[in-house]
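Please read the structure below before turning to the comments.
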Protein chains: 2
Amino acid sequence: MINQAIHAITEPRRRDILYLVRDGELTSSAIASHFDISAPAISQHLKVLEEAGLVVVRRAGTKRFYGLRREGFAELKQYIESFWDDSLIRLKEAAEEEERRNHESKPQQ
Amino acid sequence: MINQAIHAITEPRRRDILYLVRDGELTSSAIASHFDISAPAISQHLKVLEEAGLVVVRRAGTKRFYGLRREGFAELKQYIESFWDDSLIRLKEAAEEEERRNHESKPQQ
DNA sequence: GCTTTATTTAAGTTGACACTTAATTAAGTG
DNA sequence: CACTTAATTAAGTGTCAACTTAAATAAAGC
């Protein structure tokens with residue numbers, strides 16, 4: 001799922017779509033009106049975003065309202081942050097290990 | 001730069017490379033030994049990561065040590081977070097606007 | 001200065017994927 | 001039930017980028 005989410009935000013146009021829907025729900029055609037690509041193209045992007053868990057659809061008659069799915073976004077945020085945090089922890093550990101080694105021998109080039 | 005960073009972490013193998021170098025510097029060939037793709041392929045990935053500001057190189061003789069560039073990562077984290085935070089603010093505003101409208105008329109389907 | 005080691009650049013191939021138009025589904029509406 | 005509206009699925013096309021092998025660079029070692 002997280003891999004799908006990252007893949008989804010790969011495409012700049014999909015990020016633009018996320019920017020549009022984060023303020024509130026929009027129909028597929030309302031979203032399409034902001035771009036100069038065809039409606040099917042938008043529909044395909046929306047499908048990718050939906051499958052990645054980043055947007056949700058609400059059907060109302062012939063219309064389909066797309067909105068941001070906050071949980072999906074939270075996961076994405078989590079992923080980036082955990083990468084970052086783990087990195088800091090590991091950096092600290094590495095520095096300590098380095099410190100220990102320096103008391104025994106010279107560091108190699 | 002932020003677009004380059006997002007593009008850079010798009011590719012799963014590049015994320016794997018970031019995982020490898022976040023513990024400490026590694027040479028191009030040391031990184032390559034973890035994958036079953038050619039050295040030039042790794043070199044090309046490293047170039048993308050470097051241009052995105054996510055890794056830095058330190059040259060030592062014929063070797064090149066690649067390491068994580070923390071500032072680059074901070075920017076990426078910032079981007080995701082700002083998207084998220086702005087979203088919450090805008091959601092709150094939208095909810096208030098909705099509230100106001102509900103005192104006048106029924107919401108349309 | 002030739003050879004080795006580490007890595008990159010060059011050039012070409014292949015597969016994925018972001019589009020297109022045309023056809024299809026699905027829900028109202030006269 | 002034909003017609004309109006909203007959107008999707010289908011099918012095909014072109015571009016890009018992730019790989020490949022081969023050639024080039026660049027520093028060190030003999």
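Throughout, a chain's letter reflects where its sequence line sits, starting with A, and its residues are numbered from 1. In this text the structure is predicted, and so the values were computed from the model without any measurement.
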Nucleotide C/dG28, atom P - distance to CZ of A/R59 in whole Å
10 Å
What nucleotide, of D/dT20, D/dA7, D/dA10, holds the atom closest to the side chain of A/Q44?
D/dA10
B/K77/A/E81 under salt bridge (Lys or Arg N to Asp or Glu O under 4.0 Å): CA gap, chis, key distance, verdict:
CA-CA 7 Å; B/K77 193 189 168 197; A/E81 279 180 358; 5.2 Å; no
Taking the side chain of A/S29 as heavy atoms from C-beta outward, which of D/dA18, D/dA7, D/dT9 is closest to it?
D/dA7
Rounded to whole angstroms, how far apart are CZ on A/F65 and C1' on D/dT5?
13 Å
Between B/L26 (CG) and C/dT7 (P), how many Å, whole number?
10 Å
Nearest to the B/T62 side chain among D/dT20, C/dT5, C/dA22, which nucleotide is it?
C/dT5
Minimum-distance nucleotide to A/Y66 side chain [options: D/dA7, D/dT20, C/dT7]
D/dA7
Between B/K47 and A/H7, which has a closest nucleotide on DNA chain C that is more 5'?
B/K47
note: B/E51, atom CD; C/dT9, atom P; distance rounded to Å ~ 9 Å
Give, for atom OH of B/Y66 and atom OG1 of B/T27, the distance between the pair rounded to the nearest 0.5 Å.
10.0 Å
Counting side-chain heavy atoms from C-beta on, which of C/dA10, C/dT20, D/dA18 comes nearest to B/R14?
D/dA18
Could you check which of C/dA10, D/dA7, C/dA22 has an atom nearest any side-chain atom of A/K63?
D/dA7
When both hydrogen-bonding distances must be under 3.5 Å and the geometry is Watson-Crick or G-U wobble, what is C/dG30 paired with, if anything?
D/dC1
Expressed as a whole number of angstroms, how long is the span from B/I42:CD1 to D/dA17:C1'?
15 Å
Heavy atoms only, 4.0 Å cut-off, all strands: where does B/S28 land among base, sugar-phosphate and nothing?
sugar-phosphate
Look at the side chain of A/H45 and decide which nucleotide, out of D/dT20, C/dA18, C/dT7, has an atom nearest to it.
C/dA18
Separation of A/Y19 OH from A/R15 CZ (nearest 0.5 Å):
8.0 Å
Can you measure A/E50 atom CD to D/dA7 atom P for me and round it to whole angstrom units?
14 Å
At what distance, to the nearest 0.5 angstrom, does CZ of B/F35 lie from CG of B/D16?
5.0 Å
Per the salt bridge (charged side-chain N to carboxylate O under 4.0 Å, His left out) rule, which among A/R59, A/R58, A/R69 passes with A/E25?
A/R58
Rounded to whole Å, please give me the gap between CZ in A/R64 and C1' in D/dT5.
13 Å
Between A/E11 (CD) and C/dA16 (C1'), how many Å, whole number?
13 Å
